[in-house]
Amino acid sequence: MKLLFDENLSPKLPSRLSDLFPQSLHVRDVDMKATIDPIVWDYAKDNHLMIVSKDADMHDLSLVLGKPPKVIWLRLGNCSTRQVEQLLRRDFDAIRLFHEDESLSLLALC
């Protein structure tokens, strides 16, 4: 399971979560800082990545376009990088099941 962290999340997350989600990336890692959502969407789709975002726009794209890519929508509000990391660690099993289920396109975590 490889994740692509959206710009609204810390670029430290891929390395902090590499034990659970190896080869994950942040949009900055692939020169997509301040890139519009449809381009991020296409990159994730082309590279078999699940998008992790706090942005409601990614939620909306998921509803309109479906999968791939799958979207993990973090509904945490204003929070620290540590809180995001803890949430993704806590819900690892749910994320794994989401990844494996071909019928699902959106997972909301809070």
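Because only heavy atoms are used, hydrogens play no part in the values below, and waters and symmetry mates are left out as well, while side chains stay in. Residues take their numbers from the sequence shown, with the count starting at 1.
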Q: Return yes when atom CD of Gln86 has more than 12 non-hydrogen atoms of other residues, nucleotides or ligands closer than 6.0 Å, and no otherwise.
A: yes

Q: Look at the side chain of His26 and the backbone N and O of Asp6, then say whether any donor-acceptor pair between them is shorter than 3.5 Å.
A: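 The answer is yes, because a donor-acceptor pair under 3.5 Å joins these two groups.
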
Q: Would you give the length of the straight line joining atom OG of Ser105 to atom NZ of Lys70, rounded to the nearest 0.5 angstrom?
A: 7.5 Å

Q: For atom CZ of Arg75, decide whether the heavy atoms of other residues, nucleotides or ligands shown that lie under 6.0 angstrom number more than 12.
A: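 No, the 6.0 Å shell around CZ holds no more than 12 heavy atoms from other groups.
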
Q: Compare all side-chain heavy atoms of Arg82 with those of Arg16 and state whether any distance is below 4.5 angstrom.
A: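 Result yes, sub-4.5 Å side-chain heavy-atom pair found.
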
Q: What is the minimum heavy-atom distance between Arg28 and Pro11, and which atoms define it?
A: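 Arg28 and Pro11 have their closest heavy atoms at NH1-CG, 3.7 Å.
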
Q: By salt bridge (charged side-chain N to carboxylate O under 4.0 Å, His left out), which residues pair with Arg96, not counting sequence neighbours?
A: Asp93, Glu100

Q: To the nearest 0.5 Å, what is the distance between NZ (Lys33) and CG (Asp31)?
A: 11.0 Å

Q: Should Tyr43 and Leu49 count as side-chain neighbours, where that means a heavy-atom distance under 4.5 Å?
A: yes

Q: Using a strict 4.0 Å threshold on nitrogen-to-oxygen distance, state whether Lys67 and Asp101 make a salt bridge.
A: no

Q: For Leu104, what are the other residues in its hydrophobic cluster, where any two members join if their side-chain heavy atoms are less than 4.5 angstrom apart?
A: Met1, Leu3, Phe5, Leu9, Leu13, Leu17, Leu20, Phe21, Met50, Val52, Ile72, Leu74, Leu76, Val84, Leu87, Leu88, Phe92, Ile95, Phe98, Leu107, Leu109

Q: What distance separates Arg90 CZ from Gln83 CD, expressed to the nearest 0.5 Å?
A: 11.0 Å

Q: Please name the pair of heavy atoms, one in Trp41 and one in Ser62, separated by the smallest distance, quoted to 0.1 Å.
A: CH2-CA, 3.6 Å

Q: Where do Lys45 and Leu65 land on the side chain to side chain contact (heavy atoms under 4.5 Å, CB included) test, with the steps shown first?
A: CA-CA 11 Å; Lys45 181 178 179 179; Leu65 300 176; over 6 Å; no

Q: Apply side chain to side chain contact (heavy atoms under 4.5 Å, CB included) to Met58 and Asp37, showing your working.
A: CA-CA 7 Å; Met58 287 298 184; Asp37 290 341; 3.6 Å; yes

